[in-house]
Amino acid sequence: MTSQSSLATEDTPPGDPAGGPGGTGGDGLQAGLKNRHLSMIAIGGVIGAGLFVGSGSGIAAAGPAILISYALVGAMVVLVMRMLGEMAAARPTSGSFSAYADQALGRWAGFSIGWLYWFFWVVVLAVEATAGAKILNGWIPGVPQWGWALIVMLVLTAVNLAAVGSYGEFEFWFAGIKVVAIGAFVIVGLLAVFGVLPGSDNPGSGFGHLTDSGGFFPEGPGAILTGVLMVVFSFMGSEIVTLAAGESEDPQKAVTRATNSVIWRIGIFYLGSIFVVLTLLPWNDASILKDGSYVAALNSIGIPHAGQVMDVIVLTAVLSCLNSGLYTASRMAFSLGQRGDAPKAFARTTSRGVPRVAILGSVVFGFLAVWFNYQWPDTVFDFLLNSSGAVALFVWLVICFTQLKMRGIILREQPEKLVVKMWLFPYLTWATIAMISFVLVYMLTDDAGREQVLLSLLVAAFVVGFSLVREKVQRNRQVPADRG
């Protein structure tokens, strides 16, 4: 943790937006993230708190067929990450897909998707701070829930203000706990499934539960799509590693490794853990919704204090998401500031390479969103939540369209940098665009999904409209200046 005096050091002005690998980036950020940090950020970034908390609802809605829902969304994420990896390995930058959209599609695209993504993570800060505060308030009720939310936000703000290495170190341990927890859950669960776990209350359940309660599709094949809508947002965050790579010692290597490993990460952590739950318990067991899927599965095999253990793991996942959310929002704000799409102060860094104003600007809106959550949870905050709900899908869609054009730009300007290639280009890229578009359209048939898509489209239309008007005004100002 750095001292207050060192944080007060004179800010460093922004430089070359491209940055550079190794040492101190030309953009003012420093290569403070080690390879082990990036590896764990890549692994843990794909494991959100939603996997622990929300998977029970998906199982209740689709039954064992939820595995297909997770597989479909997982495949979509793998393809999107491959496209993003191709661009990030060639041109690592803290702005990631926003900076690439700027280059490939135009200033309006980079501006719009950058601010929408920032907005998404600022709202996530409030959601996760409240979730963490509820758990902590249950352990120590003497501190009010809002007090815990404030404490959590202040601590993680201090961590991010200290140095990028502090963020990396915290995330290394947070993500490590999540990874170990899910890995242990899968191993213990499989031992119980095959009847080799000593003292298990549920020995040798085998794979019967996948079909013994109404078959593999108890709610019909259409429930797969319902499941897709319920699980798609738990995958948001896998792209964080491409933003963080810009502050690593070897960005190209980090992105390449993260991109290549995304398949097994999703396979083990999502499909593997949900498969274990479904083989240990009937999908319609009441405890899955009541206690949560993981706690219910652990209770079924006689693991003591499963609920308390899972509370610790969920709190870790929440803190990890908060830590990464603040980091991600601030780096996107930093990149927008560099490109002139946000106040210039956002692009300034301290002597330790920390974009202090971008962090504080993001956390102020995070605190405001937390206050909205306590003050007007069913009106103002509900609007914020729903209006950012479909942003994840918008981001993935923009990544696809950006990659279609960036491939040509990279081949023309830096062909030697194309070390990670999208498979079957451009066919799989177009197939992914079709998949994401289908999910967005299908959301319009779902009551909860419809509100999210329409409100998110409303906010996106406002941001895009603002960016186009802003661009036109800037062009009109330049014409007289050029003539003069």
Side-chain angles (χ1 to χ4, degrees), residues 42 45-46 58 62 65-91 96-98 100-101 103-105 109 112-113 116-117 217 221-239 241-242 255-256 258-267 269-271 389-411 418-446 449 452-453 456-457 460:
V46 84
I66 195 68
L67 284 170
I68 299 178
S69 304
Y70 273 106
L72 287 173
V73 178
M76 196 161 67
V77 172
V78 167
L79 294 173
V80 170
M81 278 298 293
R82 187 75 185 182
M83 287 180 249
L84 186 53
E86 176 181 296
M87 297 182 286
R91 297 186 173 188
S96 188
F97 49 83
S98 173
Y100 308 140
Q103 297 167 34
L105 305 178
S112 303
I113 206 63
L116 284 172
Y117 192 68
F217 301 96
I224 294 172
L225 294 176
T226 304
V228 165
L229 300 188
M230 299 183 80
V231 307
V232 66
F233 301 108
S234 66
F235 283 84
M236 191 65 173
S238 51
E239 69 287 333
V241 67
T242 63
V255 169
T256 303
T259 304
N260 290 338
S261 65
V262 72
I263 296 176
W264 68 259
R265 285 187 275 134
I266 289 174
F269 299 131
Y270 279 86
L271 290 172
V391 167
L393 293 168
F394 295 167
V395 166
W396 294 345
L397 207 52
V398 167
I399 288 171
C400 295
F401 282 111
T402 301
Q403 190 262 340
L404 282 172
K405 293 201 70 174
M406 277 297 290
R407 168 69 74 94
I409 294 173
I410 295 169
L411 283 174
L418 198 64
V419 293
V420 176
K421 294 183 180 180
M422 176 59 183
W423 307 297
L424 298 177
F425 177 83
Y427 308 108
L428 272 183
T429 301
W430 281 112
T432 309
I433 290 172
M435 289 167 64
I436 298 170
S437 301
F438 176 80
V439 171
L440 282 168
V441 171
Y442 188 75
M443 284 179 74
L444 293 173
T445 67
D446 178 77
Q452 287 191 5
V453 171
S456 296
L457 280 173

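Computed over heavy atoms, backbone and side chain alike; hydrogens, waters and symmetry mates excluded. Source: prediction; values computed, not measured.
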Requested in this report: Give a yes or no answer on whether the side chain of Ser112 reaches the backbone of Ala109 with a donor-acceptor pair at less than 3.5 Å.
Outcome: no
Query raised in the report: Rounded to the nearest 0.5 Å, how far does OG1 of Thr259 lie from CG of Leu84?
Result: 7.0 Å
Query raised in the report: How many angstroms lie between OH in Tyr427 and CE in Met422, if you round to the nearest 0.5 Å?
Result: 13.0 Å
**Report entry** Within-4.5 Å side-chain heavy-atom neighbours: Trp396 and Val232
**Finding:** yes
Report summary line: Minimal heavy-atom distance between Gly227 and Ile66, with the atoms involved, is CA-CD1, 3.7 Å
Query raised in the report: Measuring from Trp264:CH2 to Leu271:CG, what's the distance to the nearest 0.5 Å?
Result: 14.0 Å
Query raised in the report: Is the backbone N or O of Val262 less than 3.5 Å from a side-chain atom of Arg82, with the two atoms forming a donor-acceptor pair by type?
Result: no
Requested in this report: Look at the side chain of Tyr270 and the backbone N and O of Ser234, then say whether any donor-acceptor pair between them is shorter than 3.5 Å.
Outcome: yes
Query raised in the report: Are Met81 and Val241 close enough that some pair of their side-chain heavy atoms sits under 4.5 Å apart?
Result: yes
Report task. Flag the pair Leu393 / Met443 as yes when at least one side-chain heavy-atom distance between them is below 4.5 Å, and no otherwise. Result -> yes
Requested in this report: May I ask you to decide if Arg91's main-chain N or O and Tyr100's side chain share a donor-acceptor pair within less than 3.5 Å?
Outcome: yes
Requested in this report: Please lay out, stage by stage, how Arg407 and Leu418 fare under the test side-chain contact (heavy atoms from CB on, under 4.5 Å).
Outcome: CA-CA 8 Å; Arg407 168 69 74 94; Leu418 198 64; 3.7 Å; yes
Requested in this report: Identify the heavy atoms of Gly74 and Ile266 that sit nearest to each other, and give their distance.
Outcome: O-CD1, 3.7 Å
Query - Residue pair Gln103 / Met406: nearest heavy atoms and the distance that separates them - result: OE1-CE, 3.7 Å
Query - Residue pair Ile410 / Met87: nearest heavy atoms and the distance that separates them - result: CD1-CA, 4.3 Å
Query raised in the report: How long is the gap from OG1 on Thr429 to CD1 on Ile399, to the nearest 0.5 Å?
Result: 11.5 Å
Requested in this report: Mind checking the OH-CZ spacing from Tyr70 to Phe235? Nearest 0.5 Å is all I need.
Outcome: 7.0 Å
Report task. Identify the two heavy atoms, one from Leu440 and one from Val453, that lie closest to each other, and give their separation to 0.1 Å. Result -> O-CG2, 3.9 Å
Query raised in the report: With side chains defined as the heavy atoms from C-beta onward, is the minimum distance between Leu229 and Tyr442 less than 4.5 Å?
Result: yes
Query - Taking every non-hydrogen atom, the tightest pair across Ile113 and Ala101 - result: CG2-CB, 4.4 Å
Query - Rounded distance [0.5 Å steps], CZ in Phe394 versus CG in Leu116 - result: 8.0 Å
Query raised in the report: Between Thr445 and Leu225, is any pair of side-chain heavy atoms under 4.5 Å apart?
Result: no
